Amino acid sequence: MRRRIVPALSLPLALLLSACVSPSSHSGSGSSGTTDGKGDVTLNVGDQKGNDEAVLRAAGQLENLPYKIKWSTFTSGPPILEAVSAKAVDIGGVGNTPPVFAAAAKSDIKVVAAKHGTSDGETILVKKGSPAKQVADLKGRSVAVAQGSSAHYQLVASLRRAGLSVKDVKVTFLQPADALAAFSRGKVDAWAVWDPYTSQALRQSDARVLTTGKDVVNGLNFQVANPSSLKDRKKAKVIEDYLGRLRRAQDWVYRHPEKWAKVWGEETGLPYQVALDSVKRTNGTRVYVAVDKPAIASEQEIADTFAQLKLIPRRFRFADYVDTRFNSGLPPSTSAPRTYGKGS
């Protein structure tokens, strides 16, 4: 990830490190940030730059907190889960893949909340002039993907649908910075990736979408807590309030895509138009949903796929790493995400 890439096509480091990838792909201890609120209970939250703290602050959900939130910033999802398991933080937000790897490593974690968005930003990209018109056309061609990422699962599942396997393509494992450079220079034929990289490539790398993750990936993101924090009555009550604030902040994002894109861009260095594209394609479409049987089953499918590929050390029941106490009043995980409509 430290290789030199084309500056005009580079994304800020904060985003380059925020992939939903396996623990072996990144490392990064948390750095202490700000503390909000007042009261006797302190909720220690693991976050990534431009994520939960930023959206809560932008939406006004950190005002009049009857408890304290101490923020710790991490480079990506896996180290957040390492901190959760080690009780260094009580809760943190991650994508759909880090919990699979953490659970496979027998980490001390519980998934407590989920949000569901469109899978339009989960894509396999090719150049506009590529002869590939469908996934089956990738046979014998090179595809860049981050190993163990949500995009890796999408690639495997998309190939399977087309009657192919990963052995039928030339998989090149690259993290986003290197993959972006390789794709832009024509060193690989295709790139399996997620937003905001999809939005970036479509804007700046002469890319087109070969296929999306629709009906292939689950479009879920999670909040994951430490079991001991959930056993603490006062802290569990605070976690419930915190999750409510996240839901209201996500509602605010949907209603104010331009304002959030501006804040998100300022927080991360992401160009405004790319940020806005990503908000309308993926980020703003998310809605909090129950961590129910369909959500658990879809994560189990990811876990089983990675176990078959020997990317995780064991098979396990994903349901053993879920706490459903905060599901009350939430729509099912299969509920349609929001949309900004055509031409947005």
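Only this structure's heavy atoms are used, side chains among them; waters, hydrogens and symmetry mates stay out. Everything quoted here is computed from the prediction, not taken from an experiment.
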Engineer: Looking at Arg255, is its backbone amide N or carbonyl O close enough to the side chain of Asp251 to form a donor-acceptor pair, meaning the two atoms are under 3.5 Å apart?
Structural biologist: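 Between the backbone of Arg255 and the side chain of Asp251 there is no qualifying donor-acceptor contact (under 3.5 Å).
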
Engineer: Donor-acceptor check, side chain of Ser278 to backbone of Ala275, threshold 3.5 angstrom: yes or no?
Structural biologist: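 Such a contact is absent between Ser278 side chain and Ala275 backbone.
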
Engineer: Go through the steps for Thr198 and Arg281 under the test side-chain hydrogen bond (donor to acceptor under 3.5 Å, both in side chains), then give the verdict.
Structural biologist: CA-CA 10 Å; Thr198 290; Arg281 181 177 284 113; over 6 Å; no

Engineer: Within the 4.5 Å heavy-atom criterion, are Asp108 and Pro227 side-chain neighbours or not?
Structural biologist: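 When only atoms from C-beta onward are counted, Pro227 and Asp108 do touch, with a gap below 4.5 Å.
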
Engineer: Just wondering, do Ile91 and Val84 contact through their side chains at under 4.5 Å, heavy atoms?
Structural biologist: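 Val84 does not reach Ile91 side chain to side chain.
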
Engineer: Ring centres of Tyr67 and Tyr242 under 6.0 Å apart?
Structural biologist: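 No: the rings miss the under 6.0 Å criterion.
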
Engineer: Using 0.5 Å steps for rounding, measure from the CD1 atom of Ile80 to the CD atom of Gln48.
Structural biologist: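 Going from CD1 on Ile80 over to CD on Gln48, the span is 4.5 Å.
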
Engineer: For Ala162 and Ala136, work out which heavy atoms get closest and say how close.
Structural biologist: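 Minimum heavy-atom contact is CB-N, 3.9 Å.
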
Engineer: Between Val100 and Tyr153, is any pair of side-chain heavy atoms under 4.5 Å apart?
Structural biologist: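 Of all side-chain heavy-atom pairs linking Tyr153 with Val100, none is under 4.5 Å.
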
Engineer: Is Asp90 paired with Lys70 through a side-chain N to carboxylate O contact shorter than 4.0 Å?
Structural biologist: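 Salt bridge flag = no for Asp90 with Lys70.
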
Engineer: Closest approach of Ala104 and Arg314, non-hydrogen atoms and distance?
Structural biologist: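 Minimum heavy-atom contact is O-NE, 2.9 Å.
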
Engineer: Check the angle between the aromatic planes of Tyr321 and Phe316 and answer parallel, tilted or perpendicular using the 30° and 60° thresholds.
Structural biologist: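 Rings of Tyr321 and Phe316: perpendicular, as their planes differ by over 60°.
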
Engineer: Determine the minimum heavy-atom distance between Thr97 and Ser149, stating which atoms define it.
Structural biologist: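 Nearest pair, atom of Thr97 first, then Ser149: OG1-C, 3.9 Å.
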
Engineer: Answer yes or no: is there a donor N or O on one side and an acceptor on the other, between the side chain of Ser85 and the main chain of Glu82, under 3.5 Å?
Structural biologist: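 The answer is no, because no donor-acceptor pair under 3.5 Å joins these two groups.
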
Engineer: Looking only at the side chains, is there a donor atom on one of Trp71 and Asp52 sitting less than 3.5 Å from an acceptor on the other?
Structural biologist: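 Judged by distance alone, the side chains do not pair up.
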
Engineer: Looking at residues at least two apart in the chain, or sitting in another chain, which of them share a side chain to side chain contact (heavy atoms under 4.5 Å, CB included) with Gln273?
Structural biologist: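 Here the qualifying residues are Arg203, Leu276, Asp277.
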
Engineer: Nearest 0.5 Å please: distance from the CD atom of Gln154 over to the OG1 atom of Thr212.
Structural biologist: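 Gln154 CD to Thr212 OG1: 7.0 Å, rounded to 0.5 Å.
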
Engineer: So how far is it from Ser229 OG to Leu43 CG, rounded to the nearest 0.5 Å?
Structural biologist: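 Those atoms lie 7.5 Å apart.
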
Engineer: Any donor and acceptor pair, going by atom type alone, linking the side chain of Thr285 with main-chain N or O of Thr118 inside 3.5 Å?
Structural biologist: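 Yes.
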
Engineer: Would you find a donor on one side and an acceptor on the other, under 3.5 Å apart, between the side chain of Ser130 and the backbone of Ala132?
Structural biologist: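 Yes; judged by distance alone, with no hydrogens or angles, the pair exists.
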
Engineer: Taking C-beta and beyond as the side chain, do Lys187 and Thr172 meet within less than 4.5 Å on heavy atoms?
Structural biologist: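 Heavy-atom side-chain distance check fails, nothing below 4.5 Å.
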
Engineer: Answer yes or no: is there a donor N or O on one side and an acceptor on the other, between the side chain of Asp323 and the main chain of Lys110, under 3.5 Å?
Structural biologist: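 Absent.
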
Engineer: Only one of Val216, Val156, Thr211 clears side chain to side chain contact (heavy atoms under 4.5 Å, CB included) with Arg161; which?
Structural biologist: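 Running side chain to side chain contact (heavy atoms under 4.5 Å, CB included) over Val216, Val156, Thr211 with Arg161 returns exactly one hit, Val216.
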
Engineer: With a 4.5 Å cut-off on side-chain heavy atoms, are Leu210 and Leu125 touching?
Structural biologist: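 No, their side chains stay 4.5 Å or more apart.
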
Engineer: Please confirm whether the backbone N or O of Asn64 pairs with a side-chain atom of Lys38, one donor and one acceptor, at under 3.5 Å?
Structural biologist: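 Checking the backbone N and O of Asn64 against the side chain of Lys38, no donor-acceptor pair under 3.5 Å is found.
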
Engineer: Does anything in residues 131-143 pair up under side-chain hydrogen bond (donor to acceptor under 3.5 Å, both in side chains), and if so which pairs, sequence neighbours excluded?
Structural biologist: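 Listed by first then second residue: Ser142-Asp189.
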
Engineer: On a heavy-atom basis, which atom in Pro196 and which in Leu270 lie closest, and how many Å separate them?
Structural biologist: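 Heavy-atom minimum between the residues: CB-CD2, 4.1 Å.
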
Engineer: Could you note down all residue pairs passing salt bridge (charged side-chain N to carboxylate O under 4.0 Å, His left out) where residues 285-312 supplies at least one of them, sequence neighbours left out?
Structural biologist: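 Listed by first then second residue: Asp304-Arg315.
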
Engineer: Measure centre to centre between the rings of Trp252 and His256, then say whether the value is under 6.0 Å.
Structural biologist: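 Close enough - the centres of the two rings lie under 6.0 Å apart.
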
Engineer: Hey, could you give me the NZ/CD distance between Lys49 and Glu267, rounded to the nearest 0.5 Å?
Structural biologist: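 Rounded to the nearest 0.5 Å, the NZ-CD separation comes out at 5.0 Å.
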
Engineer: Would you call Lys234-Asp40 a salt bridge at under 4.0 Å N-O?
Structural biologist: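 Looking at Lys234 and Asp40, the cut-off is not met.
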
Engineer: Do Arg247 and Leu330 have side-chain heavy atoms sitting under 4.5 Å apart?
Structural biologist: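 Yes, side chains in contact.
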
Engineer: Is there a side-chain contact between Gln250 and Val287 in this structure, where contact means two heavy atoms from C-beta onward sitting under 4.5 Å apart?
Structural biologist: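 The answer is no; the side chains never approach within 4.5 Å.
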
Engineer: Under 4.0 Å between a Lys/Arg side-chain N and an Asp/Glu carboxylate O for Lys262 and Glu258?
Structural biologist: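 Not counted as a salt bridge, because no side-chain N and carboxylate O are separated by less than 4.0 Å.
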
Engineer: How far does OG1 of Thr123 sit from CG of Leu155, to the nearest 0.5 angstrom?
Structural biologist: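 If we round to the nearest 0.5 Å, Thr123:OG1 and Leu155:CG are 11.5 Å apart.
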
Engineer: Hey, does Phe101 have a side-chain heavy atom less than 4.5 Å from the side chain of Leu81?
Structural biologist: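 Sidechains of Phe101 and Leu81: no contact.
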
Engineer: Is there a donor-acceptor pair under 3.5 Å between the side chain of Asp241 and the backbone N or O of Val238?
Structural biologist: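 Not a single qualifying donor-acceptor pair exists.
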
Engineer: Looking at every heavy atom in both Ala190 and Ile124, which two are closest together, and how far apart are they?
Structural biologist: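 Where Ala190 meets Ile124 most closely, the heavy atoms are CB-CG2, 4.2 Å.
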
Engineer: CZ of Arg185 to OG of Ser205: how many Å apart, nearest 0.5 Å?
Structural biologist: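 Rounded to the nearest 0.5 Å, the CZ-OG separation comes out at 11.0 Å.
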
Engineer: Is the side chain of Thr268 donor-acceptor paired with the backbone N or O of Trp264 at a distance under 3.5 Å, no angle test?
Structural biologist: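 Yes, the answer is positive, given that a donor and an acceptor are paired below the 3.5 Å cut-off.
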
